[in-house]
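Some notes on the structure that comes next.
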Number of protein chains: 2
Amino acid sequence: MDVRTLCLGLLTRSEASGYEIKKAFQSGLSHFYDASFGSIYPALSRLTEEGLVTCKEEPQDKRPDKKVYRITPAGRLAFIDALGRPPGHDRIRSDFLATILFADLLSPRQIAGLIDGRLTETRSLLAELREQAKEETRAAGDRFVIAYGIAVLEAEVTFLEERRHVIEGAALLGRAPGSAAAD
Amino acid sequence: MDVRTLCLGLLTRSEASGYEIKKAFQSGLSHFYDASFGSIYPALSRLTEEGLVTCKEEPQDKRPDKKVYRITPAGRLAFIDALGRPPGHDRIRSDFLATILFADLLSPRQIAGLIDGRLTETRSLLAELREQAKEETRAAGDRFVIAYGIAVLEAEVTFLEERRHVIEGAALLGRAPGSAAAD
DNA sequence: CGCATTCTATATTGGCTCGATATATGACGA
DNA sequence: TCGTCATATATCGAGCCAATATAGAATGCG
């Protein structure tokens with residue numbers, strides 16, 4: 001599922017400009033999928049070429065033209081076809097976990113700071129998702145995905161709160177007084 | 001934290017060839033970070049150019065030469081410096097959730113199949129991580145990250161088991177008998 | 001009032017990364 | 001013998017992100 005397909009999916013719900021699609025990614029999808037202008041605009045151009053969406057230019061007063069994209073029947077079919085294919089594996093890239101992996105090279109203070117920052121960030125995202133969960137205008141899929149995100153983030157917070165002492169302590173053990181670093 | 005930096009990190013633990021680094025990514029890191037040959041080999045070349053690792057070619061009988069990389073003191077410093085910088089946000093790309101988002105375009109049967117597949121996959125990954133958790137040779141960081149992964153995956157399984165009926169039922173409501181699709 | 005920031009809106013570029021593919025050989029089982 | 005898997009390196013096209021450019025309006029702040 002590339003950005004192109006996902007744009008098509010968002011357009012099954014309502015017409016939108018590239019800018020609005022980017023906003024849709026940021027509010028509510030960004031916790032499990034994101035996309036940048038650098039992929040959205042070319043995607044919309046290609047979808048237009050392929051006849052899966054149409055583009056209506058709305059000249060605005062004192063603003064750049066707004067290009068409003070609308071899905072075509074062919075586009076709707078193509079998207080439903082894409083949904084039917086088995087989804088690929090999740091791809092996760094977590095700088096936080098990659099850093100924690102090398103906790104033995106960090107000071108306990110650094111590790112504590114890292115985890116504090118992560119907890120703050122995660123709780124903030126959690127609060128945001130809980131707000132979104134209240135919005136009753138959301139589609140059923142949206143609400144399920146939001147609830148999924150909340151469940152996962154809650155597990156992360158609980159894990160960090162309960163287990164952080166394990167990794168914070170480990171950093172001390174790896175640096176017994178007087179011991180030289182390997183190599 | 002790019003692949004280049006992560007390769008450097010793995011080399012702080014032991015010397016390795018590109019192939020072995022790829023294996024390290026696949027066993028134990030792949031659930032939160034992955035890398036392909038297409039990024040590992042160029043990364044190692046660049047690290048060598050920059051003097052952060054050295055490369056020793058081991059000509060093998062009847063095999064391609066094995067290029068064994070070893071980190072330099074400068075490389076170790078550069079990596080520890082990189083660890084000190086605040087980590088970027090997690091980037092997640094989940095085809096599964098992207099598909100679920102549009103559950104109202106799928107049949108209940110499709111949704112059930114999707115969730116069954118996801119549960120099977122997640123339980124399998126969970127079993128793998130639980131095996132890895134038993135390995136006592138792992139570094140403290142490894143064990144923490146594995147435990148983190150287990151906590152998250154358990155939450156996902158629980159959520160899907162308890163809430164799948166919500167989304168499976170929603171697909172029916174969106175398709176009341178005789179109702180025409182919007183548009 | 002002036003200045004900076006933010007928002008709307010589109011677009012491009014460099015560089016990173018993935019997935020597929022190519023090459024070469026050994027081992028193992030059917 | 002034939003296919004497949006493992007070892008081992010490497011490249012290429014395509015996809016994608018972060019940064020940047022452009023440009024006017026609105027908003028905030030002192």
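Per chain, numbering begins at 1; letters A, B, ... match sequence-line order.
Where Gly38(B) and Arg46(B) meet DNA chain C, the nucleotide closest to each residue was compared, and Arg46(B) sits on the side nearer the 5' end. Ranked by how close their nearest DNA chain D nucleotide is to the 5' end, Val3(A) and Phe37(A) are led by Val3(A).
Rounded to whole Å, atom P of dT10(C) lies 9 Å from atom CD1 of Ile21(A). Per the geometry, CD belonging to Gln26(A) stands 13 Å off C1' belonging to dC17(D), to the nearest Å. If you measure from atom CD of Glu57(B) to atom C1' of dT7(D), you get 16 Å, rounded to the nearest angstrom. A straight line from NZ of Lys23(B) to P of dC5(D) spans 17 Å, rounded to a whole angstrom. The distance from atom CG of Asp95(A) to atom P of dA18(D) is 11 Å, rounded to the nearest whole Å. Between Asp2(A) atom CG and dG15(D) atom P there is a gap of 7 Å when expressed in whole angstrom units. Protein atom NZ of Lys66(A) is 17 Å distant from nucleotide atom P of dA25(D), rounded to whole Å. The distance between atom CE of Met1(B) and atom P of dT17(C), rounded to the nearest whole Å, is 12 Å.
Residue Tyr41(B) places at least one side-chain N or O closer than 4.0 Å to OP1 or OP2 of dT9(D). Contact check, Ser17(A) against dT10(C): a side-chain N or O comes under 4.0 Å of OP1 or OP2. At least one side-chain nitrogen or oxygen of Lys67(B) sits closer than 4.0 Å to the OP1 or OP2 atom of dA10(D). For the OP1/OP2 pair of dC17(D) and a distance below 4.0 Å, the side-chain nitrogens and oxygens of Arg93(B) include at least one atom meeting the criterion. For the OP1/OP2 pair of dT9(D) and a distance below 4.0 Å, the side-chain nitrogens and oxygens of Tyr19(B) include no atom meeting the criterion. For Arg4(B), no side-chain nitrogen or oxygen approaches OP1 or OP2 of dG15(C) to under 4.0 Å. Residue Ser36(A) places at least one side-chain N or O closer than 4.0 Å to OP1 or OP2 of dC17(D).
A centroid separation of less than 6.0 Å is found between the aromatic rings of Phe79(B) and Phe102(A).
You'll find that the side chain of Ser39(A) is closest to dC16(D), out of dA18(D), dT9(D), dC16(D).
By the neighbour-count criterion of 12 heavy atoms within 6.0 Å, atom CZ of Arg163(A) is sparsely surrounded, having that number or fewer from other residues, nucleotides or ligands.
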Show, in sequence, the C-alpha distance, side-chain angles and deciding distance for Arg118(B) and Asp90(A), and conclude whether the salt bridge (Lys or Arg N to Asp or Glu O under 4.0 Å) test is met. CA-CA 10 Å; Arg118(B) 175 73 169 194; Asp90(A) 288 12; 2.9 Å; yes
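Looking at heavy-atom distances under 4.0 Å, Ala43(B) makes no contact with the nucleic acid at all.
Judged by the 6.0 Å and 45° rule, Lys22(A) forms a cation-pi pair with Phe37(A).
Side-chain contact between Cys55(B) and Leu44(B) is absent, with no heavy atoms from C-beta onward closer than 4.5 Å.
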